[in-house]
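Before any comments, here is the structure.
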Amino acid sequence: MSPQEQINLLKERTEVFHGEAELLERLQSGKRLRVKLGVDPTRPDLTFGHMVVLNKLRQFQDLGHQAILIIGDFTTRIGDPSGRSVARPILSEEEIAHNAATYLDQAYKILDPDKTEVRRNSEWFGEMSFLDALSLSRQMTVARMLERDDFAKRYASKTPISLIEFLYPLLQGHDSVRLESDVELGGSDQIFNMLVGRNLQKDANLPEQAVIAMPLLVGLDGERKMSKSFDNYIAFNHSAKDMFGRIMSIPDATMWVYYRYLLEMSDADIAKRQELHPMEAKKQLAATMVARFYSLETAAHEREQFEKVFSKNEVRDDMPEFTWDKLLPEAQEATLVDLLAATALPAFSSKKEIRRLIEQGAIRMNGEKITEPSMRLVRPLAETVIQAGKRTFLKLTDA
RNA sequence: GGUGGGGUAACCAAGUGGCUAAAGGAUGCGGACUGUAAAUCCGCCGGGCUGCGCCCUUCGGGGGUUCGAAUCCCUCCCCCACCA
């Protein structure tokens, strides 16, 4: 692919693309690009929000370029200033190693491991002296810092800004100097920090990195950005069932955003999809994503199960099984409430909650609605399928 | 260092002596309906119990006043803002 074609492709779906001209030159010189992405070792769970950036990184890899993941193990020790309400716990070596490994496992669902280099920024920060740190901070001015939009706003509204927050972008930028990255990728909340990297590289007489910011993906509610703290996310590690179901729960309008950023579908293809029935389009989205993280078979299975439960009002084929022996080994008879409570399933968080479910007509045994909260069961028990609402199913056997 | 504001259900936020397990909102859950775990409507939403009634725990921690406190007093802890 020609350099210009590469640029055109790489530009797709980005929110910000700085340094296009220099990047083109470098491509024309035949250079294999070094593309950097920072990783936060305090949060090992990747969500579909991360996928937007990872997809872009993968695109670079597919074009033959080198991806570099930076584990911010040093920066973690300082604590990310944006989460300043609560001091972040300092992670131990082991925790960082563990989180990094977990992170990589997930990231490799998208990235090509063979074209990925993993680095820790303690490599260089660990040996820097205070003097080094001071000379690093000389490369930034307060005025330049205050250009940053969120700092400017906070300063104007007299919300405190700690000095360390000023330092943070410098650290991130210094990573770029050390790695001599040609491109830095990130979410659009990272734009400023990434631009600082450009400045520092320039001061170090290095070619400046291009800065590519991807939009922040909207969450399941279709309004706020996807984030764990809003609980509106889908994680790489969600089960196939949950992944499928969660996608089905997004508002119709949001699914097109997902088609665009998660499946990287072209506008033309999206337009075609929009002719489908919205439910069908959403099912296809859900199935494609599940296939990506699990398999085609799993995706087909989940789609089938979903239709069974929600369209036909039937019961799932696969459900957890419990035996009376394990639940209540001593008892020869028990109330339904006690048995369900013993399963410890999330839907049965307390006995009160289970009674509530029964009172609301949510519990079915072998398809029959139970209305009596004090219902008792006696051993031996024939195999019984219990359903609580639309999402919780279990099979109960005697032993 | 000074001044002022604040800590309420594991989220936001009312409530300043009893009728407060504590308004309202958000989230969540259930039901109905449907084109989906979309939308809409209705209901539930601290826990326990031989349940429509009783018991236990809860309003930053501790102590006190009172027949009775989230609400008053004392004390301690923590957060925030403004001024230095």
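In what follows, chains carry the letters A, B, and so on, assigned in the order in which the sequence lines appear, proteins first and then strands, with residues in each chain numbered from 1. All heavy atoms count here, side chains included; hydrogens, waters and symmetry mates do not. Everything quoted here is computed from the prediction, not taken from an experiment.
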Original post:
Does A:Arg13 pair with A:Asp267 as a salt bridge, N-O distance under 4.0 Å?
Top reply: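 Result for this pair is no, no salt bridge flagged.
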
Distance between [atom1] atoms of [N] and [M] (Å, rounded):
{"N": "B:rC55", "M": "B:rU3", "atom1": "C1'", "result": "48 Å"}
{"N": "B:rC78", "M": "B:rG53", "atom1": "P", "result": "47 Å"}
{"N": "B:rA70", "M": "B:rA23", "atom1": "P", "result": "15 Å"}
{"N": "B:rU8", "M": "B:rG24", "atom1": "C1'", "result": "14 Å"}

**OP:** Show the numbers, then the answer: is there a salt bridge (charged side-chain N to carboxylate O under 4.0 Å, His left out) between A:Glu307 and A:Lys283?
**Re:** CA-CA 10 Å; A:Glu307 285 166 354; A:Lys283 280 179 185 169; 3.1 Å; yes

**OP:** Under 4.0 Å between any heavy atoms, over every strand shown, what does A:Ser311 touch: base, sugar-phosphate, or nothing? Just pick one.
**Re:**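 Sugar-phosphate, no base atom in range.
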
**OP:** Name the pairing partner of B:rU3, where a pair is Watson-Crick or G-U wobble with both distances under 3.5 Å, or state none.
**Re:**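 Partner of B:rU3: B:rA81.
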
Subject >> A:Lys241 vs A:Asp338, nearer the 5' end of RNA chain B by closest nucleotide >> reply: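 Closer to the 5' end of RNA chain B: A:Lys241.
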
Subject >> Atom pair CG (A:Asn237) and CG (A:Asp45), whose distance is rounded to the nearest 0.5 Å >> reply: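 Answer rounded to 0.5 Å: 6.0 Å.
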
Original post:
Quick one: is the NZ or CZ of A:Arg364 closer than 6.0 Å to the six-membered ring centre of A:Phe393, and within 45° of its axis?
Top reply: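 Output no; distance or angle outside limits.
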
Original post:
Are any non-hydrogen side-chain atoms of A:Lys395 and A:Glu383 less than 4.5 angstrom apart?
Top reply: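 Yes, at least one pair of side-chain atoms sits under 4.5 Å.
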
Original post:
Hey, can you pull the residues of residues 289-301 of chain A with a non-hydrogen atom under 4.0 angstrom from RNA chain B?
Top reply: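 The answer is none.
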
Original post:
Along nucleotides 39-48 of chain B, 5' to 3', which nucleotides get a B, which get an S, and which get a -, given that the test is a protein heavy-atom distance under 4.0 Å?
Top reply: ----BSS-SB

Original post:
Does A:Ser176 offer a backbone N or O that forms a donor-acceptor pair with the side chain of A:Gln201 under 3.5 Å?
Top reply: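 Present.
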
**OP:** Take atom CG of A:Asn313 and atom C1' of B:rC33, then tell me their distance rounded to the nearest Å.
**Re:**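 Checked: the CG to C1' distance equals 11 Å.
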
Subject >> A:Phe48/A:Phe293 aromatic ring centres below 6.0 Å >> reply: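 Ring centres of A:Phe293 and A:Phe48 closer than 6.0 Å.
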
Original post:
Where the side chain of A:Arg391 is defined as all heavy atoms beyond and including C-beta, which of B:rU36, B:rG51, B:rA37 is the nearest nucleotide?
Top reply: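 Taking heavy atoms from C-beta onward, the closest nucleotide is B:rA37.
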
Original post:
What's the closest nucleotide to the A:Glu372 side chain, out of B:rG51, B:rA37, B:rU36?
Top reply: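 Selected nucleotide (nearest to the side chain): B:rG51.
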
